Asker: 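Have a look at this one.
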Amino acid sequence: MPTTDRPADARASADRAGSGFAALCADLGLCFGGDYNPEQWPREVWNDDVRLMRRAGVNLVTVGVFSWSRIEPVPGERDFTWLDEVLDLLHENGIAVDLATPTASPPPWLGIRHPETLPVDRDGVRLSAGSRNQFSPASAVYREHALAITRDLAERYARHPSVRMWHVGNEWGQLDHGDEAAREFRLWLRREYATIDALNEAWGTAVWSQRYGSFDEVLPPRRAPYTINPTQSLDFRRYSSDQLLRCYGEQRDAIREAGATQPITTNFMGFFPHADYWSWADAVDVIADDQYPDPGDEHAPADIALVQDLMRSLGGGRPWLLMEQAISAVSWREHNLAKTPQKGRLDSLQAVARGADGICFFQWRQARSGPERFHSAMLPAAGDDSAVFHGVERLGADLRRLRPVVGARVNARVGILFDWPSWWASEEPARPTERLRTIEQVQRWYRVLWRNGVAANVLRPGDDAGDHCVVLVPHSYVIEPGAADALRDAVSGGARLVVGPFSGVADRHGHLLQGRSPALLRDLLGVSGEEWSGLPDGAPLVVDEAWDAAPAVGRTASVLAERLRADGADVLAAFGDGVYAGLPAITRHAFGEGRAWYVGAVVSDELLAAVLTDALRDAGVTNVVGVPPRPEGSLPQGLEAVRRGDHLFLLNHGRHGAELVLPAAMRDLLTDEEFDRAATVAPGAAMVLTERLTT
Ligand code: GAL
């Protein structure tokens, strides 16, 4: 894609910067800090800020994210004097800066003078200023203005000694369905398909008389009388992600061209639906992510662990940066729960356990005005005489103690397949059930690993599964030939594969593959299907008594089932009644040196755990302390255990003390406490254990 191309010299300097985050952490230790918005405060507050930052051990702050209207109050003018002063002050105090291009939130004058810079939603409504993010990534005028201010910023500060990283825009995710977007979408489609006939074929426009005579007739998805063409929607999502990446890339290249050699990045948002982060991953020098799990959600510790494994995987295993999180409550949910300082610490150490070399927050000082006035911050409105700030000081001290962890890798032998276009295609409307949600399924499968202290990498379809001895495909609606081949190669070579329902159904355009399903995996799975049906909750399954891993309870399925036929696979469970009574629901099949399971329905948590632990045990996978996985979990409830390099992280998210038998005599890096055979982790507490050499 031209959108991701970089000039050769920019690429070369980016390669140099690629190691820049490692160099930064080698210098600073684990990064610690947050978004710093001094433009919201009078000058005298800044001295107080840096004094308290130093006290807390803050070593990195992100400056300028929303400062466009402060830098360019009047079109074409620049006021950098305040920023000069801020950067100098931070530098004098030994605090490094992640300098942001302020392009996420244009000043009101841009939309007033150039309404075409404002995005238009599906209903044709043009959005206004007065909030933030009111720009269209398709707008040439927005892009020119954003580039102009980026160039000036980069030229002024590329060599400023405080600037150690660049932050382009913020949480790229804007959509636009307007006329300028229509033009850009058509250009994208021309590059993709070359001819209108190819587009008609790919979109299946013979249905409902949608045939296009030329690219000029094609529109973004807009409000229409009935269901929109699903491939039109799918391609619009691809285009939208690419268009955002193009905007990011333009600003990144402008920073490089100004001579900046620091790493350049932007903040991802986990499983965010409007950007395909597999395609973005190479465009950033360090993977950075914003994470706001709901403290009231019992599944949050496992679900955020999955996001953290995704971030590590996007960077090919390299350390990543937790760019934003909340030290306590957010202010944008309907009902916002605070965290204890201990929970804020636990959440941060969890990210370190899963490969983060930096822990940052939104934001340093709590806003006194505006929509985020009730959002927690490292320095609350109450000031430094507060439990929150004391917690921040403690966290700073903890992170300093964890310096030996910097750069260490998490090794995982289990891979989980996930990609954005398949997620997008699977959730287009008009399908057997709207209750099957890709992310929900990935989370359910991952929780079994989490409860067992089994680390996982997220795999991009088509990637060589490499050293992964177990590959999980919770729900991949689209499986392309290259991805099917990679799965087949992995299983031939001895890997265990578990494939979930409604996988391998469609091609890259979301068109149903012809023949019995999953067309490209039938030989591998030894089972095939011909139809899908929504399933009532709690539909009974009959389990083969010879299947020794079968659970005693929870022999049910819901949401979706398939009319399956075993073509050589062993049937582990069959439907007990209903339209598919007696037909296979869960199968297992030997293939090459490995084995493949197919779960042809959304089975209960108990059954899912049984199948997954069956596959893990079959592959000889044990948890981080050498114990084989169990369906109910092989760790005490609520305890998370991850090995990062030589360090064993134990994080107790539960309500009770958790005792674990250790593989060796160990010492806690956080407290220097020593343990011989076992450690008990108090509720809400964490340990970072390293093997202790006994004499
Ligand atoms: C993020 C955003 C921050 C701040 C934060 C609040 O989405 O990047 O600027 O608004 O949410 O939780």
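All values reported here derive from a predicted model rather than from experimental measurement. Counting convention: from 1, in listed order, for ligands and their atoms alike.
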Asker: Does Phe362 have any ring-ring contact (aromatic ring centres under 6.0 Å, His included) partners at least two apart in sequence or in another chain, and if so, which?
Answerer: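 Phe362: ring-ring contact (aromatic ring centres under 6.0 Å, His included) contacts with His375.
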
Asker: Is it the side chain, the backbone, both or neither of Asp35 that has a heavy atom closer than 4.0 Å to ligand 1?
Answerer: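 Neither; nothing of Asp35 gets under 4.0 Å from ligand 1.
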
Asker: Could you identify the single nearest non-hydrogen protein atom to atom 3 (C) of ligand 1 and state the distance to 0.1 Å?
Answerer: Glu324 OE1, 3.2 Å

Asker: Any side-chain heavy-atom pair from Arg318 and Ile287 closer than 4.5 angstrom?
Answerer: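 No - every pair of side-chain heavy atoms lies 4.5 Å or more apart.
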
Asker: Is it the side chain (CB and beyond), the backbone, both or neither of Arg132 that lies under 4.0 Å from ligand 1, heavy atoms counted?
Answerer: side chain

Asker: Run down the list Glu171, Glu372, Gln363, Met323 and name the one with the heavy atom closest to atom 4 (C) of ligand 1.
Answerer: Glu372

Asker: Kindly check if the number of other-residue, nucleotide or ligand heavy atoms within 6.0 Å of CG (Asp385) is above 12?
Answerer: no

Asker: Measure Met269 to ligand 1 on non-hydrogen atoms and call it side chain, backbone, both or neither using the 4.0 Å cut-off.
Answerer: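 No part of Met269 comes within reach of ligand 1.
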
Asker: List every atom of ligand 1 that sits less than 4.0 Å from any heavy atom of Asp290, numbering the atoms from 1 in the order shown and giving each element.
Answerer: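 Every atom of ligand 1 under 4.0 Å from some heavy atom of Asp290: 8 (O).
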
Asker: Looking only at non-hydrogen atoms, find the nearest pair between Ser136 and Asp176 and report the distance.
Answerer: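 Looks like OG-OD2, 2.7 Å.
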
Asker: Return the set of residues passing salt bridge (charged side-chain N to carboxylate O under 4.0 Å, His left out) with Arg159 (not counting sequence neighbours), or none when no residue passes.
Answerer: none

Asker: So which heavy atom in the protein is nearest atom 5 (C) of ligand 1, and how far is it from that ligand atom?
Answerer: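 Checking every protein heavy atom, the shortest distance to atom 5 (C) of ligand 1 gives Tyr292 OH, 3.3 Å.
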
Asker: For the pair Trp320 and Phe21, evaluate ring-ring contact (aromatic ring centres under 6.0 Å, His included) and give the outcome as yes or no after the intermediate values.
Answerer: CA-CA 9 Å; Trp320 54 280; Phe21 182 61; 9.7 Å; no

Asker: Once you restrict to heavy atoms under 4.0 Å, what part of Asn170 touches ligand 1? Side chain, backbone, both or neither.
Answerer: side chain

Asker: Using the ring centroid of each side chain, check whether Phe268 and Trp172 are separated by less than 6.0 Å.
Answerer: no

Asker: Could you tell me the residue and atom name of the protein heavy atom closest to atom 6 (C) of ligand 1, and the distance to it rounded to 0.1 Å?
Answerer: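 Looking only at protein heavy atoms, the one closest to atom 6 (C) of ligand 1 is His375 NE2, 3.1 Å.
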
Asker: Under 4.0 Å from a heavy atom of Phe66: give me the atoms of ligand 1 that qualify, with their elements.
Answerer: 9 (O)

